[in-house]
Amino acid sequence: MLAMEYRGPLRVRLEQKPMPVIQHPLDAIVRVTRSCICGSDLHLYNGEVPDTRVGMTFGHEFCGIVEEIGPEVQNLSVGDHVLVPFNIACGRCHFCKQGLFGNCHEANAQATAVGGIFGYSHTAGGYDGGQAEYVRVPYADVGPTVIPSWMDPDDAVLLTDVVPTGYQAAEMGGIQPGDTVVVFGAGPVGIMAARCAWFFGAGRVIVIDHLDYRLEFVRDYAPAEVYNFNEMDDPVVFLKKATDSLGADVCIDAVGGDASGNRLHAVFGKKLKLEAGSPIALHWAINSVKKGGVVSIVGVYGPTGNMVPIGNVVNKGITIRSNQASVKRLLPRLIEHVEAGRLNPKAIITHRAPLEDVSDLYHIFSSKLDGCIKPVLVPRH
Ligand SMILES: NC(=O)c1ccc[n+]([C@@H]2O[C@H](COP(=O)([O-])OP(=O)(O)OC[C@H]3O[C@@H](n4cnc5c(N)ncnc54)[C@H](O)[C@@H]3O)[C@@H](O)[C@H]2O)c1
Ligand SMILES: [Zn+2]
Ligand SMILES: [Zn+2]
């Protein structure tokens with residue numbers, strides 16, 4: 001079969017790989033109908049995630065047709081069109097039982113570090129992902145969810161990650177009616193966080209980025225007030241002034257460790273690798289939230305960052321909440337939002353290409369070219 005393969009930092013290409021096979025009675029094999037490239041894939045692509053092995057197929061956002069099921073799979077049938085959450089979860093461990101599907105203790109040998117994730121390095125279990133014609137799906141009774149007949153598969157594929165992640169970012173913010181919410185990052189995750197903040201009763205939603213085309217999109221989509229941090233002397237001072245000098249009630253970090261906007265971190269983290277990337281968006285979030293406020297982090301970070309103002313967290317009484325999204329827990333209510341027309345996920349898709357174009361699409365998405373917000377790969381079969 002054809003599959004995307006990692007060849008080292010900034011190098012991915014299409015290769016022939018062996019067809020995946022059932023390895024466990026609870027596995028399924030899924031024929032991929034759509035798969036996305038995610039901001040999280042860029043951390044792998046940039047070579048920033050430990051134990052990302054040459055030969056791995058990325059792709060944790062996909063949907064497809066069930067081609068084969070293991071003898072113990074009960075909830076799926078061959079021919080079902082399913083969306084597959086990015087978390088690989090056993091459904092019965094201590095954490096899964098609490099709905100913490102992103103923290104499953106069984107699906108990854110390194111489970112104390114992170115749960116299992118499709119196509120996300122051997123640190124996240126070493127499972128090949130869905131930027132391929134076919135993919136092996138473990139614990140097939142748990143994650144895969146049949147796409148309702150009324151739902152557009154373009155909406156379905158976005159329910160595997162960015163919609164639930166944006167929603168959970170807003171949920172973890174503990175937004176109270178009338179709250180001012182600042183979202184750092186106008187990528188797919190930040191866009192969804194800004195949209196979902198209104199569901200929790202936000203009174204004002206502000207989005208910060210430096211890419212005008214994304215800011216213009218989220219201004220209308222969320223809707224939100226938008227500001228370009230390159231046009232500010234200091235984003236923290238700007239945000240304080242914009243929020244009665246008190247700060248925002250909730251700040252959401254939807255950027256993670258690849259943040260732009262600070263030369264020191266760019267040199268320390270990106271060039272010299274003396275920290276895992278640049279935690280500047282988190283720094284801004286901590287310093288621009290109100291005393292007693294909440295910082296909700298869904299941006300992905302490597303293990304260490306320097307100069308994160310941890311003292312300010314204590315002295316300001318800030319609550320920090322963070323996690324990988326628990327996609328399965330959130331799916332029922334997100335499907336309802338899509339059905340009711342309150343959420344239109346597919347509006348963020350800007351690029352669609354056959355699997356053969358995977359390296360071009362990585363380049364376009366990673367360099368933020370051609371107005372790219374969310375790219376989708378469609379295998380030809
Ligand atoms: N926790 C989870 O479950 C989960 C799931 C999916 C994605 N993520 C993470 O969420 C983050 C966003 O994902 P995405 O797909 O939207 O990525 P993306 O790369 O498309 O978007 C990131 C955006 O942040 C902007 N940005 C850069 N520096 C900034 C700064 N200092 N302040 C404000 N904005 C800045 C970029 O211009 C870009 O528009 C990534 O770190 C990704 O790994 C986490
Ligand atoms: Zn993703
Ligand atoms: Zn589990």
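Position 1 is the first residue of the sequence; numbering continues from there. Atoms within a ligand are numbered from 1 in the order they appear, just like the ligands themselves. Source: prediction; values computed, not measured.
In this structure, Phe86 has a heavy atom closer than 4.0 Å to ligand 1. Ligand 1 does not have Gly261 within reach: every non-hydrogen atom of the residue lies 4.0 Å or more from it. The shortest heavy-atom distance from Ile297 to ligand 1 is not under 4.0 Å. In this structure, Gln168 falls outside the shell of residues with a heavy atom less than 4.0 angstrom from ligand 1.
Remark: ligand 1 and Val298 share an N or O pair separated by less than 3.5 Å (distance only, no angle test). Distances between N or O atoms of Trp284 and those of ligand 1 include no value under 3.5 Å. In terms of polar-atom proximity, defined here as any N/O pair under 3.5 Å, Asp258 makes no such contact with ligand 1. Checked against a 3.5 angstrom limit, the closest N/O atoms of Asp161 and ligand 1 fall outside it. Considering backbone and side-chain N/O of Val255, one or more are found under 3.5 Å from N/O of ligand 1. An N or O contact shorter than 3.5 Å is missing between Tyr120 and ligand 1 by distance. Backbone and side-chain nitrogen or oxygen atoms of Ile373 are examined, and none is located within less than 3.5 angstrom of a nitrogen or oxygen of ligand 1. The N/O atoms of Phe229, backbone and side chain alike, include none that comes under 3.5 Å of an N/O atom in ligand 1. Taking only nitrogen or oxygen atoms, main chain and side chain alike, Lys374 does not reach within less than 3.5 Å of ligand 1.
Taking a cut-off of under 4.0 Å to the non-hydrogen atoms of Leu211, the atoms of ligand 1 that pass are 37 (O), 39 (O). Those atoms of ligand 1 that come under 4.0 Å of a heavy atom in Gly185, given as number and element, are 24 (O), 33 (C), 34 (N). For ligand 1, the atoms closer than 4.0 angstrom to any heavy atom of His210 are 37 (O). Under a 4.0 Å criterion applied to the non-hydrogen atoms of Ala259, ligand 1 contributes the atoms 28 (N), 31 (N).
For the pair Gln23/Arg136, a side-chain contact is recorded, criterion being any heavy-atom separation below 4.5 Å from C-beta on. For the pair Phe118/Asp128, no side-chain contact is recorded, criterion being any heavy-atom separation below 4.5 Å from C-beta on. Taking 4.5 Å as the limit, every side-chain heavy atom of Glu5 sits out of range of all side-chain heavy atoms of Val12.
Minimum heavy-atom separation, Pro164 to Leu330: O-CD1, 3.5 Å. Between Met4 and Leu14, the closest heavy-atom pair is N-CD1, 4.1 Å.
Checked by atom type, the side-chain pair Ser288/Lys240 shows no donor-acceptor distance below 3.5 Å. Under 3.5 Å, the side chains of Asn312 and Asn287 contain a donor-acceptor pair of N or O atoms. Residues Gln98 and Asn103 have side chains that never bring a donor and an acceptor to within less than 3.5 angstrom of each other. Looking only at atom types and distance, the side chain of Tyr362 has a donor-acceptor partner in the side chain of Gln131 under 3.5 Å away. Looking at Thr160 and His60, their side chains never bring a donor and an acceptor atom within 3.5 Å of each other.
Contacts of Ile280 with ligand 1, taken as heavy-atom pairs under 4.0 Å, involve the side chain alone. Only the side chain of Arg214 comes within contact range of ligand 1, with a heavy atom under 4.0 Å; no backbone atom does. Using a 4.0 Å cut-off between heavy atoms, Pro235 makes no contact with ligand 1 at all. Residue-level proximity to ligand 1 for Val189 is carried by backbone and side chain together, each with a heavy atom below 4.0 angstrom. Residue Asp209 touches ligand 1 through backbone and side chain together, judged by heavy-atom distances below 4.0 Å.
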Margin query: Determine whether Asp253 and Val298 satisfy the following criterion, side-chain contact (heavy atoms from CB on, under 4.5 Å), listing intermediate values before the conclusion.
Written below: CA-CA 6 Å; Asp253 174 351; Val298 283; over 6 Å; no
Notebook entry, point to check: Taking it one step at a time, do Arg53 and Asp51 satisfy salt bridge (charged side-chain N to carboxylate O under 4.0 Å, His left out)?
Noted result: CA-CA 6 Å; Arg53 299 187 191 172; Asp51 209 2; 2.9 Å; yes
Next item on the list: Show your working on salt bridge (charged side-chain N to carboxylate O under 4.0 Å, His left out) between Arg321 and Glu171 and close with a plain yes or no.
Entry: CA-CA 10 Å; Arg321 293 204 60 197; Glu171 184 188 57; over 6 Å; no
Next item on the list: Tell me, with the steps shown, if Glu48 and Lys270 meet salt bridge (charged side-chain N to carboxylate O under 4.0 Å, His left out).
Entry: CA-CA 9 Å; Glu48 289 163 358; Lys270 297 187 184 180; over 6 Å; no
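Nearest non-hydrogen protein atom to atom 19 (O) of ligand 1 is Lys368 NZ, 2.9 Å. Atom 3 (O) of ligand 1 has Ala325 N, 2.8 Å as its closest protein atom, hydrogens excluded (heavy atom only). Here the heavy atom of the protein found nearest to atom 31 (N) of ligand 1 is Ser260 O, 2.8 Å. With respect to atom 4 (C) of ligand 1, the closest heavy atom belonging to the protein is Thr165 CG2, 3.4 Å. Counting only heavy atoms of the protein, atom 33 (C) of ligand 1 lies nearest to Ile208 O, 3.4 Å.
Vertex the Zn ion (ligand 2); arms to Glu61 OE2 and Cys38 SG; angle rounded to 10 degrees, 90°.
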Throw together a table of side-chain donor-acceptor distances under 3.5 angstrom for residues 176-190, partners on residues two or more places apart or in other chains.
from: Gln176; atom 1: NE2; to: Gly174; atom 2: O; distance (Å): 3.2
from: Asp179; atom 1: OD2; to: Gln176; atom 2: N; distance (Å): 2.8

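For atom 22 (C) of ligand 1, the candidate residues are Gly39, Ala254, Gly190; the nearest heavy-atom contact is made by Ala254. Comparing Gly277, Ser40, Gly299, Ala285 against atom 42 (C) of ligand 1, the shortest heavy-atom distance belongs to Ser40.
Within the protein, the N, O or S atoms sitting under 2.8 Å from the Zn ion (ligand 3) are Cys90 SG, Cys93 SG, Cys96 SG, Cys104 SG.
Residue contact annotation: Asp41 places no N/O/S atom under 2.8 Å from the Zn ion (ligand 2).
Under the 4.5 angstrom side-chain criterion for Ile, Leu, Val, Met, Phe, Trp and Tyr, Val54 has no cluster partners at all.
Aromatic pair Phe200/Tyr167: centroids less than 6.0 angstrom apart. Two rings, from Tyr227 and Phe238, have their centers less than 6.0 Å apart. Ring centroid separation for the pair His351 and Phe365 does not come in under the 6.0 Å cut-off.
Minimum-distance N/O/S atom of Asp161 relative to the Zn ion (ligand 2): OD2.
Each salt bridge (Lys or Arg N to Asp or Glu O under 4.0 Å) pair with one or both residues in residues 277-304, not counting sequence neighbours, appears once here: Asp249-Lys290.
Using a cutoff of 4.0 Å between basic side-chain nitrogens and carboxylate oxygens, Asp154 and Arg352 are scored as salt-bridged.
By the neighbour-count criterion of 12 heavy atoms within 6.0 Å, atom NE2 of His210 is densely surrounded, having more than that number from other residues, nucleotides or ligands.
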